[in-house]
2 protein chains.
Amino acid sequence: MPEKNAAGHRGPGRTPTGHDVAGAAGVSQATVSLVLGGKWEGRVSPRTAETVRAAARALGYRPNLAARTLRMGRTRTALLVVPALTGEFFAAVHQGAVEVATAHDFGVVLYPSPEGVERAPDPFASARTALDGVIASSMAPEALATLRGAGLPLVMLDSDEGACDAVVGVDVADGMRQVTAHLLAAGHRHVAHLAAEVDSWTFAVRESALREALRAQGGAVVRTGRAPLSVRGGLAAATRLLTAEGNGPAPTALVCDSDLLAAGALKAARRLGLRVPEELSVTGFDDLMLATAVEPELTTVRLPAERVGAAGMRALLAVLEGERVETARLPVHLVARGSTGPCPTTR
Amino acid sequence: MPEKNAAGHRGPGRTPTGHDVAGAAGVSQATVSLVLGGKWEGRVSPRTAETVRAAARALGYRPNLAARTLRMGRTRTALLVVPALTGEFFAAVHQGAVEVATAHDFGVVLYPSPEGVERAPDPFASARTALDGVIASSMAPEALATLRGAGLPLVMLDSDEGACDAVVGVDVADGMRQVTAHLLAAGHRHVAHLAAEVDSWTFAVRESALREALRAQGGAVVRTGRAPLSVRGGLAAATRLLTAEGNGPAPTALVCDSDLLAAGALKAARRLGLRVPEELSVTGFDDLMLATAVEPELTTVRLPAERVGAAGMRALLAVLEGERVETARLPVHLVARGSTGPCPTTR
DNA sequence: CTGAAAGCGCTTACAG
DNA sequence: CTGAAAGCGCTTACAG
């Protein structure tokens, strides 16, 4: 009978329940539930309702989520499956906490507090039971296998997977088309592609879209290199790409599948004594913070990350309501910066 | 009576309960609970136990977490409170999902799938009810106010707050001492400090530790600039710092409170025609991915982020067991790279 | 307008 | 070795 937790927290005595509130207000527990659940109008007198609210406030009552969930059969919780959070500080903090938690059969709910002056949502709103559905990135395939069998509503992000209830896509193909148009307008015709060595839908699309767009408009991919998705990987692969000989015309532009690779490419160019953008143009993809930290700043494609998350959640809510959900494909746009310039006439 | 959810998922019929397993195995529901809970030895015959396990497997039984939580009074869930995830792609995806979810009174459980070949923990292990305790960064003060009143066990990260049950610190003061020693050994005596304009414990410590260490060893902070925690902010503040006149001796080294600020400082130096590290040394803090993406690569201080998370979780588990928890202070170390060099003799 | 009662799916004494 | 029963705290028909 857990009247308090092991460390004696939650102050003196038990956590108040609806029954306690009922006692304090002189009504039944059912009435408390009705009032606090906002379903009292026409069923409880306004005066009684106010009494109940006052009692709840006085006791610091918080409804027990487990009980509500058990009764309702709905958890109001979604699972967001993403690739390991991009390698920054708090992502790693979270990872470490999850590892220990998992070993102790504990779960970790992450609550990213909003920046600046935005309203702070109640942290406790994030804390719920089990799952009603899943929103998953196509970049986390191992996790997907586990999820598939669960029979939960599933929304895929950035994928063309059929085995799910809705898809929220990002128009990366159009992003590559915009990159292509930008380079062709600057006179480039011979492009090298620094591709991510990652087996996922989004990178397959980037590759085919780039080839197609170039061919359609009179340019060509003259070389392709592959690298693991990191600055180091980009540096090594770009060095190989830029020093390869006898493989047809030398590229005047290097299109990278990600800003990470592009940052590596910038380092490679510098070490090879190639000036960017005078002698070589470089483009990234994603518009990470990195893109404006390096010099020159990267011409890249901005992806509407927050909108992807929002659209994914909306799609899941719609699926749960039994509504039909159209496949969304969110627009992206090119951000031209200093890493691209006119095609050098001599090379 | 929610036999299936609104969209008709979970396959045919109801989600199986312990009672269904009991029926299939020809035992009581209590026996099922004992067996599946691992508490059957000496109470249930091995044969019966095996029958139960087989039936559970056949039905695809998963215990209802809400029911278990309600019965146990423990949720086995921790809340990790951090500042908005550092501005990379999936952090923003998460943010967007949380916003919509919150508006619909939904929670979002984040499950970062592990990179590479590491074992993939069961995604469902992360999905739990309510909270047993909280692990919080001192950089999310607004959220803390809400948490304070809840009476939950609280572990603070990187803080000296007294109003909590345990503290897991990072020895940032020692990090600044290592930076100082590194610069003094290279001959620098006049240091400018590019401080983060963030009101949190960790930055207060960085500032005082730097001043103290320099003074103790014959150097001095000759100028201090403050900037919002971003590359842009660092660029602007570093430009002011490096062009200020008549404020005593010119600095030969710029110590930054974060890699973001240092990346901005590098940009400022380049625009002012100052070569790094020949004419100016720059140091960062945190060792983000950014640190090796920029040129020259940043001399910085590596923080054991994963260990912070792990130690925080461990501390919370200990608090929940009613154990005394000592304040930890995890070590950090300097990573020397290309952005620092010998003090220029002429300036 | 208000209360008594059922039941969500578990775990754990308690009988046998 | 196994089962019947209580009860965790809610929500929601159903009576009155």
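Below, chain A is the first sequence line, B the second, and so on; all start at residue 1. Here the structure is a predicted model, which means the values were calculated and not measured.
- In terms of the side chain to side chain donor-acceptor pair (under 3.5 Å) criterion, residue partners of B:Arg53 (sequence neighbours excluded) are, by chain and number, B:Glu50.
- By the side-chain contact (heavy atoms from CB on, under 4.5 Å) test, A:Ala328 pairs with no residue at all, sequence neighbours left out.
- Across the protein-nucleic acid pair, B:Leu70 atom CG and C:dG7 atom P stand 17 Å apart, rounded to whole Å.
- Under the side chain to side chain donor-acceptor pair (under 3.5 Å) criterion, A:Thr327 pairs with no residue, sequence neighbours left out.
- Stem regions for DNA chain D, each three or more consecutive Watson-Crick or G-U pairs with both distances under 3.5 Å and listed by first number, read C:1-3 with D:14-16, C:5-12 with D:5-12, C:14-16 with D:1-3.
- With sequence neighbours excluded, no residue forms a side chain to side chain donor-acceptor pair (under 3.5 Å) with B:Thr51.
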*Might you work through the side chain to side chain contact (heavy atoms under 4.5 Å, CB included) test for B:Thr48 and B:Thr31, ending with a clear yes or no?*
CA-CA 9 Å; B:Thr48 307; B:Thr31 302; 4.3 Å; yes

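- Using a 4.5 Å cut-off on side-chain heavy atoms (C-beta onward), B:Val155 and B:Cys164 make no contact.
- Within the structure, salt bridge (Lys or Arg N to Asp or Glu O under 4.0 Å) contacts touching residues 21-33 of chain B (residues at least two apart or in different chains) do not occur.
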*Can you give one letter per nucleotide of nucleotides 10-16 of chain C, going 5' to 3': B for a protein heavy atom under 4.0 Å from the base, S for sugar-phosphate only, - for none?*
BBB----

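- For B:Ala30, the side-chain contact (heavy atoms from CB on, under 4.5 Å) partners two or more places apart in sequence, or in a different chain, are B:Ser28.
- In this structure, A:Thr48 does not reach the C:dC1 phosphate: none of its side-chain N or O atoms is under 4.0 Å from OP1 or OP2.
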